[in-house]
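Below you'll find the structure, written out as structure tokens, and then a few comments.
Order of the sequence lines fixes the chain letters, A, B, ..., with proteins taken first and strands second; residue numbering starts at 1 for each chain. On a predicted model such as this, the values are computed, not experimentally measured, just so you know.
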Amino acid sequence: MTVRVRFAPSPTGYPHIGNVRTVVFNWLFARQQHGAFVLRIEDTDQERFVRDALRVIEDSLQWLGLDWDEGPGKGGNCGPYVQSQRLQIYQQKAEELVSMGKAYRCNCSQERLDTIREAMRAEGKTPMYDGLCRDKPAGAVSKDESHVIRLKVPREGITTFHDVLRGDISIENALLDDQILLKSDGFPTYHLAVVVDDHMMQISHVMRGDDWIPSTPKRILIYQAFGWTPPIFIHVPLVLGADGKKLGKRHGATSVDEFRRAGYLPEALVNFLALLGWSPGEGEQQEIFSREELIARFDIAHINLAPAVFSYDKLDWMNGQYIRKMGEEELLERLIPYWQDAGLIETPVATETLPTLRILVPLVQERLTTLRDVVALTDFVFQEVAEPPVEALVGKAMTVEQSLEAILAVQRLLGGLVQFAPDSMEEPMRSLAKELGLKPGQLFGIVRNAVTGKAVSPPLFGSIQAVGRERTLKRLETAEHVLVAHIEATKAA
RNA sequence: GCCCCCAUCGUCUAGUCUGGUUAGGACACAGGCCUUUCAAGCCUGGUACAUGGGUUCAAAUCCCGUUGGGGGCACCA
């Protein structure tokens, strides 16, 4: 069998990480089976349509490297792949069901529906349509008046479908509503459109969140009404937020685009998502998998059934792992947009800025959790730093006078260096510390505060080199003034 | 309320199908080493089979109940 799977988002919002995890599963499966991964846009809800959602969906998939074989921008033999361009198909199919007696027209008003639902809820029953129009003679509701088309769900019996992971799942038909297939605006509902499209697009496997399980029997009935064979169903567990609820808009940064902006690498995100609800099993202890390894090893049988809580801790760790094993040139390329977005460097990058960036990359590589972390880590190189408070310039167990002496000595040392590079700084600085009767850490600490404006920074000598001789000396001078001012103020008091 | 699904460390999970393990790994956490800060890296440690009944020589594993969690019940997808 040719494997054909699809991702069928609705352009009512941006793709969030829970859905994307399921997309990853589909994509891996398609690639492994040399099948097709189809992107289909389910824009049948006119009211909730979000203008740029389609673009963001495409961008997000592209950024993640989850390429589609058929769909918007790609074409294919089963198009169009946007449901709003397939309205005649759905209308025709709905009419077919009406003429076969499997569906009927209903002109009940919204108010009536609300009323009966409320009444049923009050009785403690599942709210559903009472079937008023179902029992009317054919033609009682005119084709020309405003109406919907509903499926005539059998009143008795049980509908069963097979799920690859859970086996057979059954529900009593009496519990199923006479679902609407075609809305009064001529658009299909999800249930009709998805069945028609999955069938016409020859989708072989439907892999999606298990929140769809309860509505699957409805769709089975539609397949049966048409006399079609349903696809193979694989319901995968949902991704939950830290609060244990289905991941959604209320969980903060959950859209793919936000992960990109936050500085996560697409390859790390894909790796992480693949392992959220799936594992290679068989005692495998590897955690970092290349895209090729994931494609080769993914298997449906090892998908876990319990929902998974999305936690940033492991993603952060994994992102760091990817950053650390990256080549320096590549990391540089990837970091540049973050420096630019923060306004620390020019766009495009000036030629004279590059050497500074090249100094910084190896210094930050093992200190980054996300790419964006580079901003806070290196901002002192690109912008002026605030005048440090005197406490920051006086090391532990040191006097202010000692600090001043040290700062002055460092000024002389760095000012006189022939090569302004870490290798030329380290030994003299260590000797200097010894001469001053200080531990290296004491000396380096106050110099760090003076030059970077931070108590915590990338390695000191590389940082000094990146700041440059002139600005380093200027910052040391500022530190000198702070110390002198403090000494004089103390004397005066 | 009704229906459906699920249940191993705090989190992601291996092990469950085909009963016999000191219940393994990763993240996080704690301690240590390294060290110019912070990281990274290395070492060590604690923490889990929801619960009650079966079946069996033997149950995380098979069966039933309970509890807990999640999801679904639209002219939304």
Side-chain angles (χ1 to χ4, degrees), chain A residues 8-13 42-45 47-48 106 108 110 113-114 117 120-129 146-150 163 165-166 169-172 175-177 179-185 187-191 193-194 209-217 235 237-238 240 242 244-246 272 275-288 301-302 304-318 320 324 363-369 377 426 429-430 433 439-445 447-449 452 454-461 463:
Chain A
S10 157
T12 52
E42 310 216 323
D43 57 341
T44 54
D45 187 338
E47 292 183 7
R48 297 197 310 154
C106 167
C108 290
Q110 193 63 58
L113 296 177
D114 290 344
R117 251 185 230 116
M120 298 185 82
R121 202 162 298 172
E123 281 180 66
K125 289 186 190 164
T126 300
M128 51 197 284
Y129 182 58
S146 175
H147 69 283
V148 301
I149 293 179
R150 289 181 183 273
D163 179 272
L165 297 173
R166 297 158 220 262
I169 297 175
S170 302
I171 191 165
E172 288 179 53
L175 264 23
L176 297 177
D177 205 354
Q179 62 199 280
I180 291 174
L181 302 175
L182 203 67
K183 307 182 221 176
S184 55
D185 64 0
F187 277 69
T189 58
Y190 170 80
H191 299 289
V194 78
D210 68 15
D211 48 342
W212 292 106
I213 288 179
S215 70
T216 302
H235 289 97
L238 295 179
L240 311 180
K245 302 270 193 251
K246 180 179 168 181
F272 176 76
L275 259 29
L276 201 58
W278 173 79
S279 73
E282 286 152 10
E284 177 57 73
Q285 301 196 345
Q286 187 177 332
E287 302 276 342
I288 307 292
H302 277 102
N304 204 17
L305 290 178
V309 173
F310 185 97
S311 136
Y312 283 87
D313 283 336
K314 195 159 183 176
L315 173 61
D316 282 348
W317 166 79
M318 199 172 271
R324 258 156 255 135
L363 301 182
V364 299
Q365 182 154 25
E366 62 192 28
R367 270 160 258 269
L368 295 174
T369 293
L377 219 47
E426 178 145 7
M429 286 286 283
R430 285 186 187 280
K439 287 179 188 164
Q442 289 178 298
L443 178 64
F444 298 171
V447 174
R448 184 189 314 280
N449 273 288
T452 71
K454 299 171 193 284
V456 173
S457 81
L460 182 59
F461 306 118
S463 298

> Relative to the ring of A:Trp212, is the ring of A:Tyr190 parallel (under 30°), tilted (30 to 60°) or perpendicular (over 60°)?
Replying inline: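 Ring orientation, 0 to 90° scale: parallel.
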So [X], base contact, sugar-phosphate only, or nothing? Heavy-atom distance under 4.0 Å.
X: A:His147; value: nothing
X: A:Glu47; value: nothing
X: A:Leu175; value: sugar-phosphate
X: A:Gly283; value: sugar-phosphate
X: A:Pro459; value: base
X: A:Thr189; value: sugar-phosphate
X: A:Pro237; value: nothing

Would you say a side-chain N or O of [X] is under 4.0 Å from OP1 or OP2 of [N]?
X: A:Lys183; N: B:rC76; answer: yes
X: A:Ser279; N: B:rA14; answer: yes
X: A:Arg48; N: B:rA77; answer: no

Partners meeting side-chain contact (heavy atoms from CB on, under 4.5 Å) with [X] (sequence neighbours left out):
X: A:Pro459; answer: A:Leu363, A:Arg367
X: A:Asp210; answer: A:Arg166, A:Ile213, A:His235, A:Pro237, A:Leu238
X: A:Gln286; answer: A:Glu284, A:Phe289, A:Glu293, A:Arg297
X: A:Arg448; answer: A:Thr452, A:Ser457, A:Leu460

> The side chain of A:Thr44 lies closest to which of these nucleotides: B:rC75, B:rU37, B:rA77?
Replying inline: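 Nearest nucleotide to the side chain: B:rA77.
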Identify, with sequence neighbours excluded, every residue that meets salt bridge (charged side-chain N to carboxylate O under 4.0 Å, His left out) alongside [X].
X: A:Lys246; value: A:Asp211
X: A:Glu426; value: A:Arg430
X: A:Asp185; value: none

Measure all distances between protein nitrogen or oxygen atoms and nitrogen or oxygen atoms of nucleotides 62-66 of chain B, and list the pairs falling under 3.5 Å.
none

>> Could you work out, with ring-ring contact (aromatic ring centres under 6.0 Å, His included) as the rule, every residue matching A:Tyr129, not counting sequence neighbours?
In response: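 Applying ring-ring contact (aromatic ring centres under 6.0 Å, His included) to A:Tyr129 gives none.
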> For A:Phe187, what residues pass the ring-ring contact (aromatic ring centres under 6.0 Å, His included) criterion, not counting sequence neighbours?
Replying inline: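 ring-ring contact (aromatic ring centres under 6.0 Å, His included) list for A:Phe187, sorted by chain: empty.
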Between atom [atom1] in [X] and atom [atom2] in [N], what is the gap in whole Å?
X: A:Asp316; N: B:rA40; atom1: CG; atom2: P; result: 11 Å
X: A:Leu275; N: B:rU11; atom1: CG; atom2: P; result: 17 Å
X: A:Leu238; N: B:rA77; atom1: CG; atom2: P; result: 19 Å
X: A:Asp211; N: B:rA77; atom1: CG; atom2: P; result: 14 Å
X: A:Lys245; N: B:rG72; atom1: NZ; atom2: P; result: 11 Å

>> For the P atoms, the ones on B:rC49 and on B:rU8, what distance do you get once it is rounded to whole angstrom?
In response: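 That atom pair is separated by 11 Å.
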> When the C1' atoms of B:rG20 and B:rU11 are considered, how many whole Å apart are they?
Replying inline: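 The same atom, C1', in both gives a distance of 30 Å.
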> How does each nucleotide of nucleotides 24-30 of chain B score, in 5' to 3' order, for protein heavy atoms under 4.0 Å: base (B), sugar-phosphate only (S), or none (-)?
Replying inline: SBBSS--
> Mapping A:Pro127 and A:His191 onto RNA chain B by nearest heavy atom, which one lands closer to the 5' end?
Replying inline: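 Comparing both residues, the 5'-ward one is A:Pro127.
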> Would A:Tyr312 and A:Phe272 count as a close aromatic pair, with their ring centres under 6.0 Å?
Replying inline: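 Here the rings of A:Phe272 and A:Tyr312 have centres that are no less than 6.0 Å from each other.
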Tabulated below should be each protein N or O lying under 3.5 Å from an N or O of nucleotides 4-8 of chain B; please produce it.
{"unit_1": "B:rC5", "atom_1": "O2'", "unit_2": "A:Arg166", "atom_2": "NH1", "d": "2.6"}

